[in-house]
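Note that the structure is a prediction, hence the values are computed from the model and not measured. The first residue in the sequence is number 1, and the count goes up from there.
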Amino acid sequence: MNFIFIAIIILFILEYNKKIDTRKFVNDTEPYFRFLMEDDYKFLLTVKYGNDVDVNKLFGIRVRNGFLMIIFFIFLFLNKFTFIYFIFAVIIGYLVFKMPYTQLRRFYNSNLYKINLMLPYYLKGLEILIQHYTVPVALNRSITTAPEMFKPGLEKMVARIEEGDSSVDPYMDFAKEYPVRDSMRMMRLLYRLGLGSQENKHEQLLMFSKTVSNLQNKAREQKYKDRLEKMENKTMQMLFATGGGILALMLFAMMMMMQF
């Protein structure tokens, strides 16, 4: 333990005197750990912090903290270091690395119905625009009124379509970037709607509208379900608290009677 404190002091002195630059080291090594970045990490950060979040910076902090934790435990077990202790240090470091992502997932799950509400209500507004414009033009016009979370993805999708990409890829990439409920299916429907002729546009638009309405109904049902579960949990907590209080009073009364 004394050795660890000495090592920390030495590292602090070297960092303070600019002999080493841990920030530069993390920035240089962080790209090598990019394969560990989760597919929905950027989306979850955008949901919590908005579009201005620096994904690479926050991911670099995760890599740094995990790496430092590995080094700390290696030094901690240095006097009796074995391969088992090394594996243990790596596991602890990985858990520290994954902790911010886990917290983001918890935040997403706790606000899931709000996030899932955004897509169907955005698509409902888009449906009105599609009645008057082609799908690419409607997408472009919808950006200004779209939820802030979706705007960067919409801008990239529209730009790729305007550059001549007539495949389904821009739509699918948007769905992958924002993996909310039924986003893949809705983007496929939107792509097919864009390919359809004007003669079939009315029928396809009716099917699109029906699907959006179903999504809105699902979102409302989920909202009411979450409220009901919350009320049930509070009721159970009240029952347990009341029962526990009564039991405690009974035990206290029995103890007082036994004393007399």
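Taking every heavy atom of both residues into account, Ile130 and Ala138 meet most closely at CG1-CB, 3.7 Å.
Residues Leu189 and Val135 fall within the same hydrophobic cluster, defined by Ile, Leu, Val, Met, Phe, Trp and Tyr side chains chained together at heavy-atom separations under 4.5 Å. Hydrophobic clustering keeps Ile128 apart from Tyr121 (ILVMFWY residues linked when any side-chain heavy atoms are closer than 4.5 Å, directly or through intermediates). Both Met37 and Phe97 sit in one connected hydrophobic cluster of ILVMFWY residues. Membership requires side-chain heavy atoms under 4.5 Å apart, directly or through other members. Linking ILVMFWY residues whenever their side-chain heavy atoms come closer than 4.5 Å, directly or via other members, leaves Val55 and Met99 in distinct clusters. Hydrophobic clustering (side-chain heavy atoms under 4.5 Å, transitive across Ile, Leu, Val, Met, Phe, Trp, Tyr) keeps Ile91 apart from Ile84.
For the atom pair Met172 CE and Ser183 OG, the distance stands at 8.0 Å (nearest 0.5 Å). Separation of atoms CG (Leu45) and CG (Asp54) is listed at 9.5 Å; rounding is to 0.5 Å. Taking OG1 from Thr102 and CD from Glu38, the interatomic distance works out to 8.0 Å, rounded to the nearest 0.5 Å. To the nearest 0.5 Å, atoms OG1 (Thr211) and CZ (Arg185) are separated by 5.5 Å. Atoms CE and CZ, on Met157 and Phe150 in that order, are 10.5 Å from each other to the nearest 0.5 Å.
The side-chain contact (heavy atoms from CB on, under 4.5 Å) with Phe174 is formed by just one residue from the set Met184, Met186, Met187; it is Met187.
The side-chain heavy atoms of Lys98 and Arg62, taken from C-beta on, include a pair separated by under 4.5 Å. Within the 4.5 Å cutoff, no side-chain heavy atoms of Ile92 are placed close to those of Ile70. When side chains are defined from C-beta on, Tyr171 counts as touching Leu139, because their heavy atoms get closer than 4.5 Å. Residues Lys124 and Ser209 form a side-chain contact, since some pair of their non-hydrogen atoms from C-beta on lies under 4.5 Å apart. No side-chain heavy atom of Tyr122 sits less than 4.5 Å from a side-chain heavy atom of Thr145. Counting only heavy atoms from C-beta outward, the side chains of Leu58 and Pro100 never approach each other to under 4.5 Å. Contact of the Lys156 side chain with the Asp173 side chain is not registered, since no non-hydrogen atoms from C-beta on lie closer than 4.5 Å. Taking 4.5 Å as the limit, every side-chain heavy atom of Ile161 sits out of range of all side-chain heavy atoms of Asn140.
Looking only at distances, a side-chain donor or acceptor of Tyr191 sits under 3.5 Å from a matching main-chain atom of Ser166.
A cation-pi contact, defined as under 6.0 Å to the ring centre and within 45° of the axis, links Arg141 to Tyr133.
Ring orientation note: the planes of Tyr41 and Tyr101 are tilted relative to one another, at an angle of 30° to 60°.
For Arg105, the salt bridge (charged side-chain N to carboxylate O under 4.0 Å, His left out) partners at least two apart in sequence or on another chain are Asp40. When the salt bridge (charged side-chain N to carboxylate O under 4.0 Å, His left out) test is applied to Glu148, the partners found at least two apart in sequence or on another chain are Lys151.
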**OP:** Decide yes or no on side-chain contact (heavy atoms from CB on, under 4.5 Å) for Leu95 and Met69, but give the supporting numbers first.
**Re:** CA-CA 10 Å; Leu95 291 175; Met69 190 57 62; over 6 Å; no
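The six-membered or imidazole ring of Phe107 lies away from that of Tyr49, with a centre-to-centre distance of 6.0 Å or more.
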